[in-house]
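Atom set for the values below is all heavy atoms of this structure, side chains included, hydrogens, waters and symmetry mates excluded.
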Amino acid sequence: MCIKITMVLLFFCKSCKSNCMTLASQAKSPPAKKIKKKENGIQPKKKPNKKKRTRPLKSSMKLSSSEKETSKAHQWRSEAHDLVFFQEKDCETHDGEGSESPALDALLTDLVKVNNSRDRANRLFQWLLHPVQDKSFFRDNWEKKPILIQRQNPDYYKGLFSTAEFDHILRNDDVQYGVNLDVTSYTNGKRETHNPPGRALPYTVWDFYESGCSLRMLNPQAFSSTVWQVLSILQEKFGSMAGANVYLTPAGTQGFAPHYDDIEAFILQLEGKKHWRVYNPRSKDEVLPLVSSPNFSQDEIGQPIMDVVLEAGDLLYFPRGFIHQGDCLPDAHSMHITVSSFQRNSWGDLLLKLMPAALEIAMEEDIEFRKGLPLDYLQFMGVQNSEKEDPRRDKFVARVEGLMKKLVSFAPVDAAVDQKARDFLHDCLPPVLSAEEKASSVYGAPARWGDGEALDVTVKLKGQTQIRLVRAGAARLCGDGETVSLFYTTENSRVYHKEEPKSIEMKAEHIDAMEFLIHSYPKFVSVASFPCETMEAKMSLAELLFEKGLIHTAE
C-alpha cells in the first residue's frame, strides 16, 4: 500500500507540475474566480501509419452460406427474445410501437422556440430515448448496462443523415482519408484499414464499398448541418463533448473486430439493419475503462449478453467497456450513426488535476509536508523490503496515510473543476444559431460595402438594449491568480481541436458584470443594468461580447 501511494504522489508531481502550479496559484490568490489557460485536454486517438491501399476481393467479404443461416437464426433469436430481455439483469429491450414522438425536423423547429438552451438539450435527449424516460435511463442504464429501444418506425431519424447526403459530401467537400473517412474490413478474424492517401472521391470510395468494405465518416458534424445542430445541443446535456461517427456497411459483411470503447455509445440505426452482439466487460478492471481496447478474437470475449438486429429507427446504448461487434445480414446494407460522450470525464480525471495542486499548496502552507523523511527509510521501505516484518514500516505507512487525509483540506476543488470546464469548452462545437439569433447578433449586423466605402460598421448598442448570452454554456470565467479570462465556444471549429482555445482577458471593471450576465441567462438584461461603475465600462463590455458573437439582443 505504501509503495502505491508513494508512486502515485511521484506521478502527480512529475506529470502534472504545470496544472499543479495553476490550481495552487488560484487557490492562494484573493480573487475566487481565477484560473489559467488550458494545458492538456482530451487528445484524439493517434492512427497508426497505414500501408498502401489494398483492396479485398468482394467475395472474401461476404458471409458464407452457413454464416447466412446463422445470421437468420440470430435475427429470429433477437425477435423471439424481446420479452426475455425485458427480464434480463444485464440488458433491456423497449418496444416503442404505438407511441408518438415528433419527426426530427419538426422537433428541431420546435426547439428553436425553447428559451433556455439547457431545456432544449433535455428535450432533444428525451426524444433520442423515446419512449424510455431519461430519469429511468440515468438511474438504470447509464454507465451500468445496455438498453435496446425498438420503435417499428423506419423514419424516426429521417433527416439526420443518409447515404444520399454521404454521397453529396463526397462530391462537394474535401473529405480526406484517415482524417474524415476510414475504409475498413474484417475478414477471417483480421481487421484491416485500406485508406489510400489524399482526398476521398466518389469513384474510389464507392468502388471500395462495392468490394465489400465498410466506410466510417469520423466527423460528420464538420459536413452535416443537422448532425452539427444535434450534437451542439446535446453537449449541454452531457456537460462533456458530444461526438459522432457514421458507419456505412455493405450487406453480408463486417467492418470491425470485437472491441470496447472509452465513451458512452448511442447507436442510431438510420438505414437498413444490422446484427449486433454485446458482451460484458471481461473483468472489473475493464469496467468504465479509461482507454479503448485493442481488437479481440472471438475466443477472448465469451458469450454475448445481447444478440439483436437493429432496424431503421431503433437505438442501442451500451456503456464504455462493453465489448461489441456488428455485422450486416445478407439481405440489407446498414447505415448507423454513433453518438458518443463522456470520454475522460470521470472523478479520477478531475482528481488528476486536483491532487497535484493540493499537494503544492500543502507543502507551502503546512510544515508537516516539508519535514524530512527518516534518515533510514530506504533500509525498510521499497520493493526489496516489502516482505519485511519491521515496525518502522507500519509507522511510515501510517504517516503517509495521515498526510493524505490532511491533503483534502488544501484541495482547490473549484479551480480543478474550472480546468475541466476549460477543456470542455475547447472540445465543444460552436452553437448553431437560429435565423432570429443571427439577425439579432453580430452575424446580422448591417455592415457592408457600398458606394465605394464600408457602411453601417458601428453597432448601435444603447443602455436600454436588452441582451443575453447565445447559449447557457457558451462562455465561462476562469483565472490564473493574476488575470481573469473569459473562455468561449462561439469561434470553435466544427473539426475537433482545429482551433486553439478561445479566450478574452477581462478588465477588472468587467468581471462582476460578466458574472451577472452569465447568471442571468436565459433572461435578457439591459446593458445599463451591468454592475460596472461607469456607463462607458458597461458599453465597452457589451460591444466586446457582441463582436465575438457571444450575445444577441432581444430585438
Side-chain angles (χ1 to χ4, degrees), residues 102 104-125 127 159-161 165 173 219-239 241-244 339 424-448 456-457 459-461 465-476 486-496 498-499 501-504 514 517-518 520-527 541-555:
L104 178 59
D105 58 350
L107 174 67
L108 293 176
T109 300
D110 287 342
L111 289 181
V112 171
K113 305 169 188 175
V114 176
N115 190 42
N116 190 324
S117 60
R118 292 193 179 103
D119 293 340
R120 204 174 298 151
N122 287 332
R123 283 189 55 179
L124 180 57
F125 187 68
W127 174 86
L160 179 56
F161 201 82
E165 184 172 6
D173 293 288
N219 42 12
Q221 62 272 21
F223 306 101
S224 165
S225 58
T226 305
V227 175
W228 170 26
Q229 185 174 8
V230 166
L231 296 180
S232 69
I233 294 173
L234 286 176
Q235 66 193 9
E236 288 205 46
K237 175 67 176 181
F238 295 122
M241 185 188 74
V339 175
F424 170 45
L425 264 64
H426 187 202
D427 296 341
C428 276
L429 286 165
V432 179
L433 302 185
S434 67
E436 291 80 5
E437 288 170 333
K438 287 180 180 178
S440 58
S441 70
V442 69
Y443 304 104
R448 67 192 187 283
D456 298 327
V457 175
V459 177
K460 304 298 183 183
L461 294 178
T465 304
Q466 299 283 315
I467 64 172
R468 73 169 183 178
L469 290 174
V470 292
R471 295 290 181 270
R476 186 184 184 92
L486 183 73
F487 288 80
Y488 59 96
T489 67
T490 53
E491 295 179 355
N492 282 3
S493 171
R494 289 162 65 175
V495 177
Y496 179 77
K498 184 177 180 180
E499 300 289 337
K502 303 300 180 182
S503 65
I504 307 166
M514 194 65 231
L517 186 62
I518 290 172
S520 295
Y521 185 88
K523 295 179 181 179
F524 284 90
V525 296
S526 69
V527 175
L541 175 60
E543 289 171 359
L544 173 64
L545 298 176
F546 189 85
E547 290 172 6
K548 293 296 183 182
L550 280 166
I551 60 172
H552 68 111
T553 63
E555 297 178 359

Under 3.5 Å donor-acceptor, Tyr521 side chain and Ser117 backbone: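 Answer holds: yes.
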
Heavy-atom donor-acceptor pair, His426 side chain to Asn492 backbone, under 3.5 Å: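 Side chain of His426 to backbone of Asn492, a donor-acceptor pair under 3.5 Å: no, none is there.
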
Once rounded to the nearest 0.5 Å, what's the spacing between atom [atom1] of [X] and atom [atom2] of [Y]?
{"X": "Leu234", "Y": "Arg120", "atom1": "CG", "atom2": "CZ", "result": "12.5 Å"}
{"X": "Arg123", "Y": "Leu107", "atom1": "CZ", "atom2": "CG", "result": "6.5 Å"}
{"X": "Ile518", "Y": "Leu486", "atom1": "CD1", "atom2": "CG", "result": "6.0 Å"}
{"X": "Ile551", "Y": "Ser440", "atom1": "CD1", "atom2": "OG", "result": "10.0 Å"}
{"X": "Thr109", "Y": "Leu104", "atom1": "OG1", "atom2": "CG", "result": "9.0 Å"}
{"X": "Asp427", "Y": "Tyr496", "atom1": "CG", "atom2": "OH", "result": "4.5 Å"}

Checking [X] now: which residues fulfil side-chain contact (heavy atoms from CB on, under 4.5 Å) with it, not counting sequence neighbours?
{"X": "Thr465", "value": "Leu461, Lys462, Ile467, Val527, Thr553"}
{"X": "Val525", "value": "Phe516, Leu517, Ser520, Ser529, Phe530"}
{"X": "Lys498", "value": "Ser493, Val495"}
{"X": "Leu544", "value": "Ile504"}

So, do [X] and [Y] sit near enough that their side-chain heavy atoms are less than 4.5 Å apart?
{"X": "Ile233", "Y": "Phe125", "answer": "no"}
{"X": "Pro431", "Y": "Thr489", "answer": "yes"}
{"X": "Val470", "Y": "His552", "answer": "yes"}
{"X": "Arg494", "Y": "Leu429", "answer": "yes"}

Using the test side chain to side chain donor-acceptor pair (under 3.5 Å), find all partners of [X] that sit at least two apart in sequence or belong to another chain.
{"X": "Asp110", "result": "none"}
{"X": "Gln466", "result": "none"}
{"X": "Arg476", "result": "Asp418"}
{"X": "Lys548", "result": "none"}

Stepwise side-chain contact (heavy atoms from CB on, under 4.5 Å) check, Val339 with Val230: CA-CA 10 Å; Val339 175; Val230 166; 5.7 Å; no

Minimum heavy-atom distance Leu550-Ala474, with the two atoms named: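 In terms of heavy atoms, the two residues are closest at CD2-O, 3.8 Å.
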
Derivation of the side-chain contact (heavy atoms from CB on, under 4.5 Å) call for Lys502 and Thr490: CA-CA 9 Å; Lys502 303 300 180 182; Thr490 53; over 6 Å; no

Pairs touching residues 227-237 that satisfy salt bridge (Lys or Arg N to Asp or Glu O under 4.0 Å), sequence neighbours left out: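 Salt bridge (Lys or Arg N to Asp or Glu O under 4.0 Å) check on residues 227-237 returns Asp134-Lys237.
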
Pairs flagged by salt bridge (Lys or Arg N to Asp or Glu O under 4.0 Å) wherever residues 434-443 is involved - sequence neighbours left out: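 Listed once each, the pairs are Glu437-Arg471.
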
Residues that Tyr443 engages under ring pair (Phe, Tyr, Trp, His ring centres under 6.0 Å), provided they are two or more places apart: none

Less than 3.5 Å apart, which donor and acceptor atoms pair up between the side chains of residues 219-226 and the rest of the protein, not counting sequence neighbours?
residue, atom, partner, partner atom, Å
Asn219, OD1, Asn180, ND2, 3.2
Ser224, OG, Glu165, OE2, 3.2
Ser224, OG, Thr226, N, 3.4
Ser224, OG, Val227, N, 3.2

